[in-house]
*Asks:* 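Pasting a structure here, questions to come.
Letters A, B, ... mirror the listed sequences (proteins, then strands); counts begin at 1. Everything quoted here is computed from the prediction, not taken from an experiment. Scope of the values below: all heavy atoms of this structure, side chains included, with no hydrogens, waters or symmetry mates.
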Amino acid sequence: MEKREVKERRTGLPDLKDAQKGKVVLRFAPNPNGPLSFGHARGLVINSTYREMYDGVFILRFDDTDTKVKPPMLEAYERIQEETAWLTGRKPDRVVIASDRMEHYYEHASLMLEKGYGYVCRCSAEAFKEHRVGKTNCPCRERTSLENLELWQQMLDREFNPGEVVVRVKTDMTLKNPALRDWPALRLQDTEAHPHPRESIGSKYVVWPLLDFQSAVEDHLQGVTHIVRGKDLMDSTRKQTLLYEHFGWNYPETMYWGRVKVHEWGGFSTSKMRLDIEEGRYPGWGDPRLPTLEGLKGRGISDAALRAFWLELGITQKDISVPLSTLYAHNTKVVDSTAPRLSFIREPVLCSLEGLEIPKTVSHPVNPNDKTMGSRTWDMNKGTVYLEQEDFEKGSLRLKEFADINLEGPKAILHSFERSDKRSIVHWITEENSTEGTLISTSNNEIITQNGRLEKHALKIGTIVQLERIGYARLQEDGSFILCHEVSVEEK
RNA sequence: GCUCGUAUAGUGUAGUGGCCCAUCAUGAAGGACUCUCAUUCCUUCGACCCGGGUUCAAAUCCCGGUACGAGCACCA
């Protein structure tokens, strides 16, 4: 009888299964091998939104347990926390750093060996692969817990080299899914050659947990109730569930989202970007061509737009490909009502006004949809204005909020102050109310710098403006503007 | 190859057996407003992967096919 209600369009995220208000614990666990990027925003937005919905706890966890393949970046720890606060609107309730929690992982590893839930395996990776593929038990599996604990101590005492030994979780070698067969839980890392970048950790440990073990133990210790993450971690859930069964714990409820590709970006990875930056292909993580949170923010993509974007995609397991214009549409919606208008003349042509008596000043609204934002008033004393080359060529124009003109070479003959016909309305700027200005944009992975005449302004760094008839742009520290996206997607 | 997952308009999404000749957004086309090619508003266009089955009734359940994606790392 309440069915009717169920069928109404759901807005926002679907309910979490078995969730009670005030008792939900969520986490987002990036690898700090670089600052966050566009894709990370999904985990942040979804999980932090559930925190709001259920008045729960949101944990930011740094999964920094690999020092060689994806080594952590020291600056990223701080940066990621700032980015999290920016995107979610508040600090995480708890911050956990895996490399600070090693003793807990050791304790559980040792307990696992003692109880016979796992074993120390001295097979090479290749040798074990044969067991995995052939569904045969590895001889190491037969060791007693005493032997295992002894070997474990030797691991801790650095009596082995990386690659010689690994701790495995005992599952079942005949499991249908090969990924789950006696999966590795802890391994050795050469932290002399590859020390952990955090000073307090450095080369202190050689035995390190792998993601599936570290994450499983930590989720339990933190009391995580719901895990919402990408579906690439589905097998991870199954592995971890097997470990939870050994320990008699209850695995959190999980939900997954599918892969998202942004048409314009293709496949970016943090590791790849890091390499590109180190090799000088990009000057830094904030480069406007990079899909990092820093890059997007720097271009004027608002946190609210990013949130709206990811919330709209929701958590379907479908793999999708979205154009960037979807994000831009959200951004326009968020930013337009508060964006001051500004005049920027590309390829400026200087014209002198003649023919009619020129008023002392001309005013434009700061934002036509919000009169309380006031107006911009230009002095007209000098009688010279800049027009864009492209507009100049049209011959007869309407200078916005001012007058109709007919162009005769460098002379702009004032025709009337009232609109006299349908000639196109263009933006313009007086000589004395403008300065040299720069607009930076990106196209085909190139940075394009365009100089022109910029209206004088007193805006704060970071303000997102609408350059009239051009697009939304953000004021940078050096006074230049960086184009976020064009006012209209219409191609010219 | 083995394992797992997904398939609704151009792009995304809602929908868990009848309310669906299918929701909302975006997009496209047209229009209104506007001294910006902005914003806002209105109209129109446009979809249930294919084939079987279950049922009085299927986008929804089952089976098969196809397509796409992920995992099978001593990465996260």
*Asks:* Contact class for Thr332(A) (heavy atom, under 4.0 Å): base, sugar-phosphate, or nothing?
*Replies:* sugar-phosphate
*Asks:* Give a yes/no answer on whether the side chain of Arg187(A) brings an N or O atom under 4.0 Å of OP1 or OP2 in rC75(B).
*Replies:* yes
*Asks:* Regarding rU39(B), can its base be found pairing with the side chain of Gln466(A) as donor and acceptor, where the two atoms are less than 3.5 Å apart?
*Replies:* no
*Asks:* When you check the phosphate oxygens OP1 and OP2 of rC4(B), does a side-chain N or O of Lys176(A) lie under 4.0 Å from one of them?
*Replies:* yes
*Asks:* NA contact type, Leu210(A), heavy-atom cut-off 4.0 Å: base, sugar-phosphate, or nothing?
*Replies:* sugar-phosphate
*Asks:* What is the nucleic acid contact for Ser337(A), judged by heavy atoms within less than 4.0 Å: base, sugar-phosphate only, or nothing?
*Replies:* nothing
*Asks:* Let me know the distance between NZ of Lys231(A) and P of rU3(B), rounded to the nearest Å.
*Replies:* 17 Å
*Asks:* Would you classify Ser321(A) as touching base, sugar-phosphate or nothing, given that sugar-phosphate means primed atoms plus P, OP1 and OP2, and contacts are heavy atoms under 4.0 Å?
*Replies:* sugar-phosphate
*Asks:* Classify Arg419(A) by what it touches in the nucleic acid, base, sugar-phosphate, or nothing, heavy-atom distance under 4.0 Å.
*Replies:* nothing
*Asks:* Just call it for Phe128(A): base, sugar-phosphate, or nothing, with non-hydrogen atoms closer than 4.0 Å on any strand.
*Replies:* nothing
*Asks:* Rounded to whole angstrom units, what separation is found between the NZ atom of Lys70(A) and the P atom of rA76(B)?
*Replies:* 8 Å
*Asks:* Describe the nucleic acid contact of Asp66(A) in one word from base, sugar-phosphate, nothing, applying a heavy-atom distance below 4.0 Å.
*Replies:* sugar-phosphate
*Asks:* Strictly by Watson-Crick or wobble contacts shorter than 3.5 Å, is anything paired with rU66(B), and which nucleotide is it?
*Replies:* rA7(B)
*Asks:* Are Val207(A) and Leu188(A) side-chain neighbours, meaning at least one heavy-atom pair lies under 4.5 Å?
*Replies:* yes
*Asks:* Any ion pair linking Asp319(A) and Lys231(A) (charged N to carboxylate O, less than 4.0 Å)?
*Replies:* yes
*Asks:* Assign Gly163(A) to base, sugar-phosphate, or nothing according to its heavy-atom contacts below 4.0 angstrom with the strands shown.
*Replies:* base
*Asks:* Determine whether the side chains of Arg474(A) and Thr463(A) contain a donor N or O and an acceptor N or O closer than 3.5 Å.
*Replies:* no
*Asks:* Counting only side-chain nitrogens and oxygens, does Lys333(A) get under 4.0 Å of the OP1 or OP2 atom of rU39(B)?
*Replies:* no
*Asks:* How is Leu313(A) classified with respect to the nucleic acid when contacts are heavy atoms under 4.0 Å: base, sugar-phosphate, or nothing?
*Replies:* sugar-phosphate
*Asks:* Name the nucleic acid region contacted by Pro30(A), choosing base, sugar-phosphate or nothing; use a 4.0 angstrom heavy-atom cut-off, strictly under.
*Replies:* nothing
*Asks:* Do Arg341(A) and rA38(B) share a donor-acceptor pair, side chain to base, under 3.5 Å?
*Replies:* yes
*Asks:* When all nucleic acid strands are considered with a 4.0 Å heavy-atom cut-off, which category describes Lys400(A): base, sugar-phosphate, or nothing?
*Replies:* base
*Asks:* Looking at Asp182(A) and Lys239(A), does any basic side-chain N land under 4.0 Å from a carboxylate oxygen?
*Replies:* no
*Asks:* Answer yes or no: is there a donor N or O on one side and an acceptor on the other, between the side chain of Arg187(A) and the main chain of Pro209(A), under 3.5 Å?
*Replies:* yes
